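Keep in mind that the numbers below use all heavy atoms, side chains included, and drop hydrogens, waters and symmetry copies. Here the structure is a predicted model, which is why all the values come from computation and not from measurement. Residue numbers run from 1 in the order of the sequence given.
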Amino acid sequence: MQTHCITRRLAVAGALLVAFSASIAAAESVTVYRDEFGVPHIYADTLAGAAYGAGYSQAQDRLEQLLQNYRLAAGTMAEIAGPPLVNQDYRSRVWQHDEVCREHFARMDPKLQGVCRAYIAGVQKFMADHPEQVPKWAQKLEPHFPVMLGRFIIWGWPEGQAADDLKKAGIQPDPIEYRGSNEWAISPKRSATGTAIALIDPHLSWYGPFRFYEQRMYATGDDFALSGACILGVPFPGLGHSQYSSIAMTTGGPDTADVYEETVRADNPLQYEVDGQWRDMKTRRITLRVRDGEKLVEKEFQVAATHHGPVVARKGDKAYTFAIPYTTEAGLMEELYQVHTARSLAGIKAALAGLQLMPQNIMVATVDGDIYYVHDGRVPVRNHGLPTNRPVPGNVSKNDFAGIHPLDDLVQITNPASGYMQNCNVAPVYMMKDCPMTADSAKRPYLYFADGRPSHQRARMVTEILHADDSVTVDDAIGLAFCTQVLGADKWQARLARAWATTADAAKTGDAKAVYASIQDWNRCSNVDSAGALAYYAFKMGLGGKKAEAVDVPADLGDEDLMAALGKAVEFLRTKQNGTSARYGDLFRVGRKDGQRTYPVGGGTLKEAGMATPRAITFGPVGDLKVGNGGQTSTQIVILSKPPKSYMVLPLGESDQLDSGHWDDQAEKLFSQGKAKDTYFMDRNGLEAHVTSKIALVFE
């Protein structure tokens with residue numbers, strides 16, 4: 001009996017020891033190395049462990065923006081920001097990002113559910129470790145939030161397409177923020193490296209939810225390695241590269257959304273006509289909480305919807321609904337995960353067949369040497385034959401969507417004969433010389449979806465450079481990413497020379513001669529230290545209005561107009577820029593909007609002067625300066641060797657912590673100088689020489 005009791009006690013002790021050992025084995029070590037620019041390089045055994053490290057790192061750098069991003073997606077931002085955010089919250093609630101993604105999360109691949117849970121746990125761990133950094137308004141975090149945020153981020157693209165259609169009915173929708181980008185890919189036959197080379201260069205605002213976060217993460221047990229740009233609040237980058245491929249995106253995809261013009265019953269605005277019959281609209285109520293000083297005020301809204309979508313406007317006896325085929329979709333994270341883990345172009349195409357990305361020009365390059373483009377999006381099948389860039393009559397059922405076009409229907413090309421391609425927000429036909437992807441090549445016009453405008457300065461310049469270079473080096477690729485060349489400036493120089501030659505010598509004052517000579521000697525690159533670039537800008541601005549914006553010289557421009565503009569340039573340089581020898585970077589700067597310092601920068605998108613360079617930066621006035629506030633947000637140059645070698649830069653800095661040393665260090669040391677830093681991708685030995693801090697985490 002006693003022996004039996006001892007045996008039982010030993011068995012129980014053994015079982016406890018096994019359980020304890022199992023719990024110890026389940027704990028995973030996660031290491032976060034920071035390089036000299038504060039970029040996290042996360043090493044873990046599993047993708048969930050790496051996501052845990054990502055959550056901790058992102059919270060450490062930008063906790064408030066991360067939490068705000070979730071509120072924007074959920075439609076609760078007005079609770080802390082007040083009335084200015086009511087419209088944004090209303091839109092998020094209309095589209096039910098929170099509800100749709102909560103339901104979708106329950107059906108997700110358990111592996112990715114675990115990744116989301118681990119990421120949120122990492123954020124919470126930082127908040128628990130640093131309660132002093134947690135804002136009072138911080139919300140409870142839930143595992144579906146990263147999925148919800150991804151859906152919110154892509155929503156502006158199809159919603160923006162529908163908004164453009166609504167304008168054709170004479171109704172002005174809420175403004176949609178401009179979104180542009182550059183991308184290009186070079187095949188091995190045109191590269192000096194013998195590999196494909198790619199550019200990933202999204203152009204968005206430098207502030208708010210689109211301010212990208214730079215991150216590298218490795219999960220050895222899951223064969224996962226990824227470098228790139230994250231939306232703050234999601235576990236892994238969307239734009240970037242794995243050990244197998246790179247993926248870039250630019251705005252300008254096929255037509256994925258429509259506006260339906262509904263005929264509404266005169267005596268009942270909640271009934272609409274379909275095929276001669278009246279149907280009831282579905283209605284629901286939205287309650288928003290809005291900050292008003294120290295209290296929250298509730299605002300009630302009724303949302304009405306037809307079978308096409310929610311009513312967004314009314315005019316007379318018509319109601320206008322947005323029909324967006326992403327309404328029940330939330331599979332973006334799964335699709336991007338499949339893209340990043342695919343080992344071949346065939347696998348990437350299979351992943352993209354899920355059609356979860358917003359309407360985009362998608363460009364892929366692989367370590368096998370393939371380059372691929374697809375005019376991607378979730379495009380509805382329209383059988384009515386009506387124009388899709390204006391409201392479609394909703395009272396006839398044959399005008400309804402009839403399914404979704406599969407990936408094979410979309411405009412695309414693999415390994416083009418040109419050996420290169422670029423898309424800087426242009427129609428497919430402008431992506432290379434003699435491009436076969438014309439409007440006639442599309443199965444249906446709305447799959448091509450080009451507005452008929454010619455190619456613009458950025459795209460034309462990049463095409464000229466790529467077409468002329470059949471042996472692109474790494475330095476060439478980096479140089480093109482930050483190219484400051486102004487297309488068409490030579491024609492303006494020549495036209496000004498003609499005007500100067502016809503002008504009386506008495507009008508050619510000393511300062512006028514100096515400014516004229518500066519323009520004529522200019523190399524047509526808006527470099528930081530270029531006096532000619534600033535003189536040319538001042539001259540173009542002196543023309544005023546559409547003449548100043550013109551890229552090509554207007555035929556009706558007279559000599560007197562040009563000389564008057566030159567005179568205005570002299571006056572501007574004298575009075576605003578401390579003399580005729582002022583340089584481009586004296587006026588055009590980059591740096592944090594709340595910072596004490598700015599730094600001279602070259603290039604930029606100066607539409608007002610017809611000076612858009614391949615390097616895209618938008619500027620806003622800050623006192624007497626023009627300071628960057630958008631454009632290149634996370635530029636990446638990728639050499640698709642085995643493993644890939646890459647270079648990357650952010651326009652400001654990685655951290656929102658002023659005392660971190662990484663608040664605006666990339667603006668000062670890299671971005672303002674047109675430089676990108678080595679990512680040390682899959683190069684731990686190379687990274688070690690640049691590590692400035694190390695955090696050891698335990699993921700359980």
Under 3.5 Å, is there a donor-acceptor pair linking the side chains of [X] and [Y]?
| X | Y | value |
| --- | --- | --- |
| Arg211 | Gln65 | no |
| Thr605 | Thr618 | no |
| Gln161 | Thr256 | yes |
| Asn423 | Tyr430 | no |
| Glu36 | Thr692 | no |

Would you check if the side chain of Lys540 reaches a backbone N or O of Ala548 as a donor-acceptor pair within less than 3.5 Å?
yes
I'd like to know if the side chain of Asp664 and the backbone of Ala667 have a donor-acceptor N/O pair within less than 3.5 Å.
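Looks like no, no N/O pair under 3.5 Å.
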Residue among Gln636, Gln632, Arg615 satisfying side chain to side chain donor-acceptor pair (under 3.5 Å) with Asp201
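With Asp201 as partner, Gln636, Gln632, Arg615 yield a single side chain to side chain donor-acceptor pair (under 3.5 Å), made by Gln632.
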Tell me whether the rings of [X] and [Y] are parallel (<30°), tilted (30 to 60°) or perpendicular (>60°).
| X | Y | answer |
| --- | --- | --- |
| Tyr680 | His41 | tilted |
| His467 | Tyr420 | perpendicular |
| Phe588 | Tyr584 | parallel |

I want to know whether Phe671 and Trp206 have ring centres closer than 6.0 Å.
yes
Flag the pair His690 / Phe37 as yes when their ring centroid distance falls below 6.0 Å, and as no otherwise.
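No, too far apart.
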Ion pair present between [X] and [Y], side-chain N to carboxylate O less than 4.0 angstrom?
| X | Y | answer |
| --- | --- | --- |
| Arg574 | Asp511 | yes |
| Asp476 | Arg190 | no |
| Glu214 | Lys677 | yes |

